[in-house]
2 protein chains.
Amino acid sequence: MPKLGMEPIRKEALVKATIVEIGRVGSLDVTVSQIAKRAGMSSALAHHYFGSKEEMFLAAMRHIMTLYGAEVRGALAAAEGPEGRIRGILRASFSPGNFRREAVGAWLNFWVLAQTAPPAKRLLAIYQGRLRSNLVSALRPLAGDRAEGIAESLGAMIDGLYLREVLKSGPPDGAEAVALALRHLEVELARGAV
Amino acid sequence: MPKLGMEPIRKEALVKATIVEIGRVGSLDVTVSQIAKRAGMSSALAHHYFGSKEEMFLAAMRHIMTLYGAEVRGALAAAEGPEGRIRGILRASFSPGNFRREAVGAWLNFWVLAQTAPPAKRLLAIYQGRLRSNLVSALRPLAGDRAEGIAESLGAMIDGLYLREVLKSGPPDGAEAVALALRHLEVELARGAV
DNA sequence: AAGTTTATTGACTCGTCAATCAACAAAAAA
DNA sequence: TTTTTTGTTGATTGACGAGTCAATAAACTT
């Protein structure tokens, strides 16, 4: 039965199952067996490919970040002018793919892990650095030396909206989140113009 | 040796130890033994007084929220005018007592729990309701029917700043957080005036 | 004095789960 | 064809930890 070249297929299945299960249970307390079962294999195989549960979760987060990064790059390429670029970043942040329950739940648990686990901390730093740099470079032409500060507060706003998304009951509403973030931005820029 | 009337003393010690240990370990995976040890008693006694680990953690969060609530009430009583009231709420949110590492770490883990544990969910809803109502009533005279929207975005901002606080390394800096939140507010209000 | 309530803990139960291992199967390489 | 590499799992290990319990003791009640 063993077909060759299963590794990437299995890994992808595990990564997706990890996200689903963590979203379902709401914490990192999911067992490897649960994840493996959802991915259609034994827990031993999951360990075989990833070595440890933490490694599995980190791979899942890398996957989420990769998708997000691709969406941001797409939006940046299509955007016209600095303001369009910022709108693009924000819309990507709250797009249905990234702002869905499971992904946001994964983020929440990732934050917990990043407090103490160095690999998670590093990964988070990379992500935050990219977001920050994207925001700053788009803001620079609009806000000059206020770019850093605005990027900072926009970043906090985005995180806060993610957090509220996990905590609220009811269906996700990316549109409202984008609206709030955009209003914040708009208002900051308007202030600069004054 | 048993002195009577130990219950409140033990409970308080446990509540404080819970916060410290969760802050130290960074997750809810602290053992009851660790907490009990820090509080200077056996784990059996901790179970005797609280029944379960979750109950213990909820008591810790109630404690944190009580302190915060007291500080907010104090600030509101001393504040002059609606804008002063909002500033008071924000300053209380980021005061050294509430914005310290341990407390913020406890919040992060509380959010995780509130995703799924109904008692935590209820407690969070109560807290969020109070914050929202405080903000809205202070904002009403300044922003009229935009009060709800501003309260919403200010709330998200506060959560986001808390989150960033746990994640960043280095000493806590409540002052900068207040500054960011106040700027956000100021800018929202300025926009209303236009 | 006898009985009850409160405080306290060491020892134990019971369950769970990450990680490992031995073993089996099929494809590819030699 | 033998050997090696890749895929796969059931069973097991080993550790850990929440919650219970029996037992001990001091204080308070009657």
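Below, read A as the first sequence line, B as the second, and so on, with proteins coming before strands; counting in each chain starts at 1.
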For the pair made of CE in B/Met41 and C1' in C/dG10, what is the distance, rounded to whole Å? 16 Å
Using a 6.0 Å cut-off, check whether atom CZ of A/Arg130 has over 12 heavy atoms from anything other than its own residue. no
Check the distance between C/dA7's P and B/Glu7's CD and give it to me in whole angstrom. 6 Å
Report the relative orientation of the aromatic rings in A/Tyr127 and A/Trp107; use parallel for angles under 30°, tilted for 30 to 60°, perpendicular for over 60°. tilted
Quick check on contacts: within residues 25-32 of chain A, what sits under 4.0 Å from DNA chain C by heavy-atom distance? A/Val30, A/Thr31, A/Val32
Side chains of A/Val72 and A/Leu76: closer than 4.5 Å at any heavy-atom pair? yes
Figure out the CG/C1' separation between B/Leu14 and C/dA7, and round it to whole Å. 13 Å
Full working for salt bridge (charged side-chain N to carboxylate O under 4.0 Å, His left out) between B/Lys168 and B/Glu165: CA-CA 6 Å; B/Lys168 90 173 182 206; B/Glu165 177 60 33; 3.5 Å; yes
B/Arg10 side-chain N/O to C/dT8 phosphate OP1/OP2 under 4.0 Å: yes
Rounded to whole Å, CD1 of B/Ile9 lies from C1' of C/dT8 at a distance of 14 Å
Give the nucleotide from the list D/dA18, C/dT20, D/dT8 with an atom nearest to the side chain of A/His47. C/dT20
Of B/Gly5 and B/Ser43, whose closest DNA chain C nucleotide lies nearer the 5' terminus? B/Gly5
To the side chain of A/Met6, which of D/dT8, C/dT8, D/dT9 is closest? D/dT8
Hey, can you tell me if B/Tyr162 and B/Phe94 have their rings parallel, tilted or perpendicular (30° and 60° cut-offs)? tilted
Using heavy atoms and a sub-4.0 Å distance, could you list which residues of residues 109-117 of chain B are near DNA chain C? By number, please. none
What parts of residues 48-58 of chain A reach DNA chain C, counting only heavy atoms under 4.0 Å away? A/Ser52, A/Lys53
Closest of C/dT20, D/dT9, D/dC21 to the B/Ala44 side chain is D/dC21
According to a hydrophobic-cluster definition based on side-chain heavy atoms being under 4.5 Å apart (Ile, Leu, Val, Met, Phe, Trp, Tyr only), do B/Leu142 and B/Leu90 belong together? yes
What's the closest nucleotide to the side chain of A/Leu4 if the choices are D/dT9, C/dT9, D/dG7? D/dG7
